[in-house]
Amino acid sequence: MAKGKVLVVDDESKIVTLLRAYLVREGYQVVEASDGNQALEVFQQETPDLIILDLMLPGLDGWEVCREIRRSSEVPIIMLTARDEDADKLVGLELGADDYITKPFSPRELVARVRAVLRRTQSAKTTVPSLKRLTLGNLVLDEERFQATCHGHPLTLTPTEFRILAALVRDPGRVLSRTQLLDIALGETYEGYERTIDTHVKNLRQKFTAVGAGEGCHIITVHGIGYKIEEPEHV
């Protein structure tokens, strides 16, 4: 069974042949196009799971193809080009590309990028439905609107507080370290003091108490590690 369908768009037949060989070897189904207009036609006909898109194409260039596809689809796009300009990279990513690789490239590296992008995309598809609304006892979180209620009362949370709470509610009983919560709430590049999380949790507890939840809605400190939240019946 194929791992997914990849559309390769490039006007250099040698590159298409090379990528087809490597992708097929890895278990992917491959369809191809040699110019921008053909790319849009094949995209509509084949509905690929991912597109490898050269920027320098005859007819419609890669930027235009990406822009047109993004009008109707969130299919992952890896842009491929001989130009290593930062401006080109930024424009491609702003148009909605998921990754970017320059020629000459290692076919193995590109296949690894394909695998990584598809893994992230498939993971997001499986988690998005459960992320829209989280419920734990009388606590309800709407992740699309960044809104939370407890006992029917709205909680006024900062984005950081909301992300911390959502991470805990998503997996009741699991202990998350301060570092993990920092990565979730502020991103992996954040280099601040990890005890910052203690302040956010303190604020959360105060806000729960203010609406009558008591005991900080059962956010439990696990000394030396981090925090967890328990199902009501387990407290």
Side-chain angles (χ1 to χ4, degrees), residues 1-131 143-144 183-184 186-190:
M1 181 178 178
K3 294 180 179 178
K5 184 186 294 184
V6 179
L7 168 58
V8 178
V9 185
D10 200 302
D11 60 334
E12 296 184 54
S13 59
K14 289 183 179 179
I15 288 180
V16 174
T17 300
L18 180 64
L19 289 179
R20 173 184 284 277
Y22 272 83
L23 289 165
V24 169
R25 184 186 305 168
E26 290 293 319
Y28 297 100
Q29 181 183 352
V30 177
V31 293
E32 58 194 62
S34 58
D35 61 55
N37 290 315
Q38 186 183 24
L40 293 177
E41 292 176 5
V42 175
F43 168 71
Q44 293 294 338
Q45 295 168 0
E46 298 289 343
T47 58
D49 299 296
L50 180 141
I51 301 172
I52 297 173
L53 177 63
D54 186 28
L55 287 180
M56 307 305 290
L57 295 170
L60 290 178
D61 61 30
W63 288 287
E64 288 297 326
V65 172
C66 183
R67 184 180 289 110
E68 188 63 32
I69 287 173
R70 280 291 174 259
R71 295 182 192 276
S72 61
S73 173
E74 293 300 319
V75 62
I77 297 174
I78 298 177
M79 284 191 161
L80 181 66
T81 182
R83 300 174 64 177
D84 192 15
E85 299 284 341
D86 286 342
D88 289 348
K89 180 177 181 179
L90 289 173
V91 170
L93 296 175
E94 287 172 359
L95 287 173
D98 297 85
D99 206 347
Y100 187 102
I101 194 167
T102 57
K103 302 176 183 177
F105 59 87
S106 160
R108 290 179 179 175
E109 180 187 353
L110 185 52
V111 171
R113 301 275 192 98
V114 168
R115 189 162 49 241
V117 170
L118 283 175
R119 186 186 304 119
R120 289 199 303 266
T121 305
Q122 291 164 356
S123 174
K125 286 180 178 178
T126 59
T127 57
V128 164
S130 64
L131 292 180
E143 292 197 284
E144 286 188 333
D183 289 347
I184 291 166
L186 298 170
E188 294 182 2
T189 59
Y190 181 77

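Because only heavy atoms are used, hydrogens play no part in the values below, and waters and symmetry mates are left out as well, while side chains stay in. Residues take their numbers from the sequence shown, with the count starting at 1.
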So [Y] and [X], do their side chains get closer than 4.5 Å, heavy atoms only?
| X | Y | answer |
| --- | --- | --- |
| Gln38 | Asp35 | yes |
| Ile69 | Ile77 | yes |
| Arg108 | Tyr22 | yes |
| Tyr28 | Arg20 | no |
| Asp10 | Leu80 | yes |
| Val9 | Val65 | no |

Would you name the heavy atoms of [X] and [Y] that are closest together and state the gap between them?
| X | Y | result |
| --- | --- | --- |
| Ile51 | Val75 | CD1-CG1, 3.9 Å |
| Glu32 | Val42 | O-CG2, 3.8 Å |
| Leu53 | Leu57 | CD1-CD1, 3.9 Å |
| Met56 | Asp11 | O-OD1, 3.8 Å |
| Thr102 | Phe105 | O-CB, 3.4 Å |
| Val6 | Pro48 | C-CB, 4.5 Å |

* Verify side-chain contact (heavy atoms from CB on, under 4.5 Å) between Val24 and Gln29, making sure each step is shown before the conclusion. => CA-CA 6 Å; Val24 169; Gln29 181 183 352; over 6 Å; no

Hey, could you give me the [atom1]/[atom2] distance between [X] and [Y], rounded to the nearest 0.5 Å?
| X | Y | atom1 | atom2 | answer |
| --- | --- | --- | --- | --- |
| Asp54 | Leu19 | CG | CG | 10.5 Å |
| Leu60 | Cys66 | CG | SG | 12.5 Å |
| Leu7 | Phe43 | CG | CZ | 8.5 Å |
| Gln44 | Ser73 | CD | OG | 8.5 Å |
| Arg113 | Leu50 | CZ | CG | 12.0 Å |
| Arg115 | Leu23 | CZ | CG | 10.0 Å |

* **Side-chain ion pair, Asp49 and Lys3, N-O less than 4.0 Å** =>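 Between Lys3 and Asp49 there is no salt bridge, as every charged N stays at least 4.0 Å from the carboxylate O atoms.
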
* Is Asp61 paired with Arg67 through a side-chain N to carboxylate O contact shorter than 4.0 Å? ->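 No, no charged N to carboxylate O under 4.0 Å.
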
* Can you check whether Glu46's main-chain N or O pairs, donor with acceptor, with Lys5's side chain at less than 3.5 Å? ->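 Side chain of Lys5 to backbone of Glu46, a donor-acceptor pair under 3.5 Å: yes, one is there.
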
* To do: Determine, step by step, whether Val8 and Val31 satisfy the side-chain contact (heavy atoms from CB on, under 4.5 Å) criterion, reporting the C-alpha distance in whole Å, the side-chain angles of both residues, the deciding distance to 0.1 Å, and the verdict.
  => CA-CA 6 Å; Val8 178; Val31 293; over 6 Å; no

